Visitor: 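Once you've had a glance at the structure underneath, I'll fire off some questions.
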Amino acid sequence: MPAPVKRTHAVAVFTLALAVLAASCTGDGDDDGNTGATGATAGATGATGGEGPTPVQSGSDTAGTYEYSNAGLVAVLELDGAAGSLEVDNGTDHELPDPGFYARHALTGARTDGVVTDPAPIPPGETGTFEIELEGLTVGDIGVLGLLFGEEDYGLLVRTA
């Protein structure tokens, strides 16, 4: 069993972490207002080296576009009221099971499962487009949208419009 961490080591690690965090928050000095942010707000770099979707700053409460991009898989979900479409570009080397999605209410966190009309597997290198429905929530009520393939949760989509 490893020896417990001494208080002096823990304080030193905490102080170092705090100093790194403070230094990273000072920006890069650009006059254009760019603070050098990385990650989701600046476009995440996926495993393929491409840029991820850029989040929308404000948008309609009745229509919205949501995007997912990771390791060659790109999905674009568009909602207008309770109906819309889901387009999946399978740039991976394996077949994807039937697509699905869910939404979490922004205030309550309650899950609402979306309906994909005529879902079908998507072969490698192929694109599938599906009609979708999301009853019981407006775009303004959506906190997050999750992307499913079969029973697997692939993660969250980013609202881009």
Side-chain angles (χ1 to χ4, degrees), residues 17 20-21 24-28 30-161:
V20 169
L21 180 60
S24 68
C25 292
T26 62
D28 63 3
D30 287 350
D31 291 333
D32 63 0
N34 182 1
T35 60
T38 60
T41 57
T45 301
T48 60
E51 288 293 314
T54 301
V56 67
Q57 299 302 314
S58 64
S60 168
D61 282 347
T62 58
T65 301
Y66 300 81
E67 296 182 32
Y68 174 93
S69 178
N70 187 17
L73 173 61
V74 177
V76 178
L77 187 146
E78 294 182 350
L79 273 175
D80 190 358
S85 66
L86 172 62
E87 183 175 316
V88 179
D89 181 4
N90 183 2
T92 70
D93 59 357
H94 64 278
E95 182 173 273
L96 295 170
D98 294 358
F101 71 102
Y102 64 91
R104 294 253 181 213
H105 193 282
L107 297 177
T108 67
R111 180 176 165 149
T112 301
D113 290 324
V115 175
V116 177
T117 305
D118 298 326
I122 306 161
E126 299 285 324
T127 299
T129 302
F130 308 92
E131 292 181 18
I132 60 169
E133 294 180 15
L134 182 62
E135 295 291 333
L137 287 178
T138 66
V139 169
D141 293 332
I142 295 172
V144 295
L145 283 177
L147 181 64
L148 306 169
F149 288 101
E151 297 297 317
E152 296 292 320
D153 190 331
Y154 273 55
L156 301 178
L157 294 106
V158 175
R159 183 166 182 192
T160 58

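These numbers come from a predicted model, not from an experiment. For the numbers below, each heavy atom of this structure counts, side chains included, while hydrogens, waters and symmetry mates do not. Counting begins at 1 with the first residue of the sequence.
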Visitor: Under the rule for side chain to side chain contact (heavy atoms under 4.5 Å, CB included), what residues qualify as partners of T117, not counting sequence neighbours?
Guide: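 With neighbours one apart ignored, the set is E131.
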
Visitor: Is there a side-chain contact between I132 and V115, using heavy atoms and a 4.5 Å cut-off?
Guide: no

Visitor: Spell out, as yes or no, whether a donor-acceptor pair under 3.5 Å connects the side chain of R104 to the backbone of G143.
Guide: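 Checking the backbone N and O of G143 against the side chain of R104, no donor-acceptor pair under 3.5 Å is found.
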
Visitor: Taking side chain to side chain contact (heavy atoms under 4.5 Å, CB included) as the definition, give me every residue that meets it alongside E135, ordered by chain and number, with sequence neighbours left out.
Guide: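 Result, side chain to side chain contact (heavy atoms under 4.5 Å, CB included) vs E135: A82, E133.
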
Visitor: Do Y66 and L156 come close enough that some side-chain heavy atom pair is under 4.5 Å?
Guide: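 Y66 does not reach L156 side chain to side chain.
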
Visitor: Looking at I122 and G128, what are the two nearest heavy atoms and their distance?
Guide: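 Shortest heavy-atom separation between I122 and G128 comes out as CG2-N, 4.2 Å.
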
Visitor: For the backbone of A161 and the side chain of R159, can you confirm whether one donor and one acceptor N or O come within less than 3.5 Å of each other?
Guide: yes

Visitor: With heavy-atom distances below 4.5 Å as the criterion, would you say the side chains of Y68 and L77 are in contact?
Guide: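 No. Closest side-chain heavy atoms not under 4.5 Å.
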
Visitor: Just how far is it from atom OG1 of T112 to atom NE2 of H105, taken to the nearest 0.5 Å?
Guide: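 If we round to the nearest 0.5 Å, T112:OG1 and H105:NE2 are 8.0 Å apart.
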
Visitor: Is any side-chain heavy atom of V88 less than 4.5 Å from a side-chain heavy atom of V76?
Guide: no

Visitor: Within the 4.5 Å heavy-atom criterion, are E126 and N90 side-chain neighbours or not?
Guide: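 The answer is no, as the side chains (C-beta and beyond) never meet within the 4.5 Å cut-off.
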
Visitor: I need the minimum non-hydrogen distance between F130 and P99, along with the two atoms involved.
Guide: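 F130 and P99 have their closest heavy atoms at CE1-CG, 3.5 Å.
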
Visitor: Considering all heavy atoms of both residues, which atom of D153 and which atom of G155 are nearest to each other, and what is their separation?
Guide: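 Heavy atoms of D153 and G155 come nearest at OD1-N, 3.0 Å.
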
Visitor: What are the two closest non-hydrogen atoms of V139 and G64, and how far apart are they?
Guide: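 Looks like CG2-N, 3.9 Å.
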
Visitor: Grab the two heavy atoms, one from G150 and one from P97, that are nearest each other, plus how far apart they are.
Guide: N-CB, 3.6 Å

Visitor: Hey, could you give me the OG1/CG distance between T138 and D61, rounded to the nearest 0.5 Å?
Guide: 6.0 Å

Visitor: I need the L137 CG to R111 CZ distance, nearest 0.5 Å.
Guide: 12.0 Å

Visitor: Any chance you could lay out the side chain to side chain contact (heavy atoms under 4.5 Å, CB included) test for L134 and D113, step after step, and finish with the verdict?
Guide: CA-CA 7 Å; L134 182 62; D113 290 324; over 6 Å; no

Visitor: Do the side chains of L96 and L73 get nearer than 4.5 Å, heavy atoms only?
Guide: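 In contact.
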
Visitor: If you define the side chain from C-beta out and look only at heavy atoms, does anything of Y102 sit under 4.5 Å from L147?
Guide: no

Visitor: Which heavy-atom pair separates A63 from D80 by the least distance, and what is that distance?
Guide: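 The answer is CB-OD1, 3.8 Å.
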
Visitor: Which residues pass the ring pair (Phe, Tyr, Trp, His ring centres under 6.0 Å) test with F149, sequence neighbours left out?
Guide: Y154

Visitor: I need the L79 CG to T65 OG1 distance, nearest 0.5 Å.
Guide: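 That separation rounds to 8.5 Å.
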
